[in-house]
Number of protein chains: 2
Amino acid sequence: MSEPKIQDVARLAGVSPSSISNFLNNRMEQMRPATQLKIQQAIQELGYRPNNAARQLKTGVASMVGLLVPSLANQYFGALACAVEIAAAKYHCHVMTFSTFRDPAREREVMADLMAYNVQGIITGSALNDTENLEALAVRCPVVAFDVTRSNEEHARISTISIDNATATSMAVEHLVHLGHRSIVLVTPPPLTLNRQARANGFSKAIANAGITGDLVIIDPTDAPIDPHGDTQLFALGRSAAAKIMAAPFRPTAAIAINDMMAIGVGVGMKHLGVQIPKDFSLIGIDDIFFAAAHDPPLTTLRQPIQAMANAAVTRILAPTGIPGDEVFAPELIVRGTTAAPGK
Amino acid sequence: MSEPKIQDVARLAGVSPSSISNFLNNRMEQMRPATQLKIQQAIQELGYRPNNAARQLKTGVASMVGLLVPSLANQYFGALACAVEIAAAKYHCHVMTFSTFRDPAREREVMADLMAYNVQGIITGSALNDTENLEALAVRCPVVAFDVTRSNEEHARISTISIDNATATSMAVEHLVHLGHRSIVLVTPPPLTLNRQARANGFSKAIANAGITGDLVIIDPTDAPIDPHGDTQLFALGRSAAAKIMAAPFRPTAAIAINDMMAIGVGVGMKHLGVQIPKDFSLIGIDDIFFAAAHDPPLTTLRQPIQAMANAAVTRILAPTGIPGDEVFAPELIVRGTTAAPGK
DNA sequence: CTGTTAGCGCCTTCAA
DNA sequence: TTGAAGGCGCTAACAG
């Protein structure tokens with residue numbers, strides 16, 4: 001037995017297919033309550049569901065948004081996918097998620113797939129590996145890039161969503177200064193992206209403002225094995241960074257890591273060096289992924305308001321204002337157990 | 001400008017639409033190489049992509065499998081989704097993932113949505129909350145349930161994929177016995193599901209075999225706040241379990257947790273009690289989620305071969321043998337830093 | 001308020 | 001080897 005169709009429902013309810021269609025699309029004013037009831041019952045009885053493909057072919061749009069992430073095995077992006085799903089559900093819209101594994105060819109491929117599905121828009125949490133392609137896509141449907149900031153008017157068609165990266169590192173520095181730290185590092189892979197540059201700038205500015213010592217500890221990612229699935233690379237990088245941090249000539253008493261994954265790595269590396277956190281050394285991450293709280297001691301971090309950001313991204317697609325734009329969210333300092341006054 | 005259609009390609013290539021269709025569906029024997037080339041070029045030039053909705057409406061099937069998980073924010077299920085995506089890609093098939101948040105009503109809803117998309121099959125990592133519904137679904141398309149074992153022939157239509165749960169706990173006990181432990185607990189929420197029962201049985205049998213002391217420490221989940229998104233509950237539960245474990249009359253020297261999330265919680269709880277792992281106490285988890293390796297010390301655990309399991313699930317759907325079945329995978333002992341000889 | 005009708009883009013015979 | 005034609009299930013005019 002195959003799926004019931006709109007005709008079957010119409011026959012059972014004793015009305016025409018168009019009334020069923022009206023009913024399904026909430027045009028209740030076009031029929032008598034009695035008709036509504038009959039339709040309702042017929043649908044129930046047959047277990048009828050409209051065929052998405054047919055509907056989509058007719059209307060030209062799918063109730064679907066596309067999401068690109070480097071990998072769902074990375075907990076941050078799993079959480080993002082979850083947040084996007086929740087946000088889209090408010091519009092009765094589904095989400096199709098693809099992992100790109102940071103492969104530009106796959107990214108292009110996957111975008112084309114998404115277009116073939118007639119998605120209403122695309123959210124990408126995968127870096128702007130291929131801005132030209134993204135820009136071309138944005139002609140067809142709204143494109144929202146996560147955690148990306150535009151340098152100029154190059155990408156006039158793309159909207160972006162991110163936290164205020166400079167503020168995040170400034171807040172981290174201020175928190176540490178407030179605790180009494182006078183020598184702080186920012187641990188990061190080479191700051192090639194605009195985001196990381198912004199974090200580095202925020203850091204430097206705050207250091208200068210406070211009139212204290214501070215520098216970047218840049219970790220070469222070629223040191224660590226590449227892991228396209230789980231993105232565990234930053235963890236490994238962080239762990240290996242610990243020694244480099246402690247060897248810095250200006251003897252930092254605290255570190256800010258570019259994100260939580262790296263911070264957790266630094267934390268583990270420090271422990272192996274016999275450095276006690278937060279007694280001997282303070283540590284701050286960025287993101288507030290779940291395992292920040294499960295780390296020991298629980299990681300102080302700057303939280304990204306991920307649900308709010310997902311909501312904003314989805315709104316840009318499903319309730320567009322017309323013009324693309326950039327939305328910047330404030331990070332929130334979550335003080336936990338890895339920060340304390342130096343030597344305490 | 002709207003998407004190019006098969007007609008446009010045909011016109012540009014100077015052939016008929018059906019040749020394009022033949023080309024797209026790899027029926028090359030039906031045309032001259034020269035024609036192939038022309039078609040190839042025309043497709044390239046227009047950036048043509050067949051419209052999924054139209055194709056699906058015509059053929060009745062979508063190249064799509066559905067995946068249900070409690071929440072993608074839970075790292076285990078993010079990793080599962082990633083593995084399923086990789087497995088499905090080999091069949092040129094896409095994955096549509098839904099989070100159920102362990103809400104039976106939402107689970108039913110989402111399954112119906114999936115059916116409306118004409119998915120080729122459904123994989124569920126969400127517990128069999130509603131077996132009747134699943135069973136009914138299995139009439140329409142293959143259904144594969146993850147981490148579920150059937151008690152009897154009730155669910156004749158559903159296939160299952162899981163590790164050998166009894167063996168997992170047995171292996172854990174044997175590893176600990178080998179290290180010299182003589183008193184071991186299994187920490188678990190009430191073993192209501194068949195899986196947990198199997199783990200408890202495997203534990204008890206191995207304890208009896210070894211002729212040592214062992215018991216279950218059952219943690220009431222009402223103690224911890226519910227977290228439908230991230231499933232952090234087991235972590236909190238594990239942390240609070242530490243005291244209960246240490247207070248057990250038979251003075252265990254090691255614990256096996258029902259999964260890694262709980263094990264990590266126990267590890268943190270122990271540290272707060274001043275119990276040093278593995279010197280004072282040994283700890284084993286199950287799953288091998290990414291953060292098992294990032295825990296400090298790195299968690300000894302029984303790994304689920306998640307990619308192999310995902311491959312098997314996808315194969316059941318996209319290359320079905322016809323009859324549903326159960327596939328059981330062997331867990332793999334990953335010895336890391338949380339297990340040692342007692343008192344060492 | 002309800003029924004009729006003409007496609008949406010593609011695939012698949014069938015005939016040429 | 002290619003072209004023509006019908007229809008997948010649904011929607012949205014438009015006519016009654």
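These numbers come from a predicted model, not from an experiment. Chain letters run A, B, ... following the sequence lines, proteins first, then strands; residues in each count from 1.
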Original post:
Got a sec, which residues hit salt bridge (Lys or Arg N to Asp or Glu O under 4.0 Å) with B:Glu45, two or more places apart in sequence or on another chain?
Top reply: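 So B:Glu45 forms no salt bridge (Lys or Arg N to Asp or Glu O under 4.0 Å) with any residue.
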
Can you tell me the distance, in whole Å, between the [atom1] atom of [X] and the [atom2] atom of [N]?
{"X": "B:Asn51", "N": "C:dC10", "atom1": "CG", "atom2": "P", "answer": "6 Å"}
{"X": "A:Lys5", "N": "D:dT11", "atom1": "NZ", "atom2": "P", "answer": "15 Å"}
{"X": "A:Leu24", "N": "D:dG9", "atom1": "CG", "atom2": "P", "answer": "15 Å"}
{"X": "A:Asp8", "N": "D:dC8", "atom1": "CG", "atom2": "P", "answer": "12 Å"}
{"X": "A:Ile6", "N": "C:dG3", "atom1": "CD1", "atom2": "C1'", "answer": "13 Å"}
{"X": "B:Gln7", "N": "D:dG3", "atom1": "CD", "atom2": "C1'", "answer": "11 Å"}

Donor-acceptor contact below 3.5 Å, side chain [X] vs main chain [Y]:
{"X": "B:Glu107", "Y": "B:Leu68", "answer": "no"}
{"X": "B:Asn51", "Y": "B:Lys5", "answer": "no"}
{"X": "B:Gln75", "Y": "A:Ala73", "answer": "yes"}

Original post:
Under 4.0 Å between a side-chain N/O of A:Tyr48 and OP1 or OP2 of D:dC10, yes or no?
Top reply: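 Yes, within the criterion.
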
Original post:
Given D:dA12, is OP1 or OP2 found less than 4.0 Å from the side-chain N or O atoms of A:Arg27?
Top reply: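 Checking A:Arg27 against D:dA12: at least one side-chain N or O falls below 4.0 Å of OP1 or OP2.
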
**OP:** Just report the end-to-end axis angle for the helix from C:dC1-D:dG16 to C:dA16-D:dT1, five pairs per end, to 10 degrees.
**Re:**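 The end axes of the helix from C:dC1-D:dG16 to C:dA16-D:dT1 are about 40° apart, to the nearest 10°.
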
**OP:** Could you list by number each residue of residues 14-23 of chain B showing a heavy-atom separation from DNA chain D of less than 4.0 Å, or answer none if no residue does?
**Re:**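 Only B:Val15, B:Ser16, B:Ser18 qualify.
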
Original post:
Among residues 31-47 of chain A, which contact DNA chain C at a heavy-atom distance under 4.0 Å?
Top reply: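 Those residues whose heavy atoms fall under 4.0 Å from DNA chain C, taken from residues 31-47 of chain A in numerical order, are A:Met31, A:Arg32, A:Thr35.
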
Subject >> Selection: residues 52-60 of chain A, any non-hydrogen atom under 4.0 Å of DNA chain C >> reply: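 A:Leu57, A:Lys58, in order of number.
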
Distance, nearest 0.5 Å, that separates [atom1] of [X] from [atom2] of [Y]:
{"X": "A:Ile43", "Y": "A:Leu12", "atom1": "CD1", "atom2": "CG", "answer": "10.0 Å"}
{"X": "A:Met64", "Y": "A:Leu114", "atom1": "CE", "atom2": "CG", "answer": "7.0 Å"}
{"X": "B:Glu109", "Y": "B:Thr100", "atom1": "CD", "atom2": "OG1", "answer": "12.5 Å"}
{"X": "B:Leu318", "Y": "B:Cys93", "atom1": "CG", "atom2": "SG", "answer": "4.5 Å"}
{"X": "B:Leu24", "Y": "B:Ser19", "atom1": "CG", "atom2": "OG", "answer": "10.5 Å"}

Original post:
Can you tell if the side chain of B:Met111 reaches within under 4.5 Å of the side chain of B:Phe98, non-hydrogen atoms only?
Top reply: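 In short, these two side chains do not touch, never coming nearer than 4.5 Å.
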
Subject >> side-chain contact (heavy atoms from CB on, under 4.5 Å) partners of B:Pro142, counting only residues at least two apart >> reply: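 Once residues adjacent in sequence are excluded, the partners of B:Pro142 under the side-chain contact (heavy atoms from CB on, under 4.5 Å) criterion are B:Ile317.
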
Original post:
Considering residues, nucleotides and ligands other than B:Arg27, do more than 12 of their heavy atoms fall under 6.0 Å from its CZ?
Top reply: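 For B:Arg27, atom CZ is crowded (more than 12 foreign heavy atoms under 6.0 Å).
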
Original post:
Quick check: are there more than 12 heavy atoms from other residues, nucleotides or ligands sitting under 6.0 Å from CD of A:Glu29?
Top reply: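 Check passes, neighbour count above 12.
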
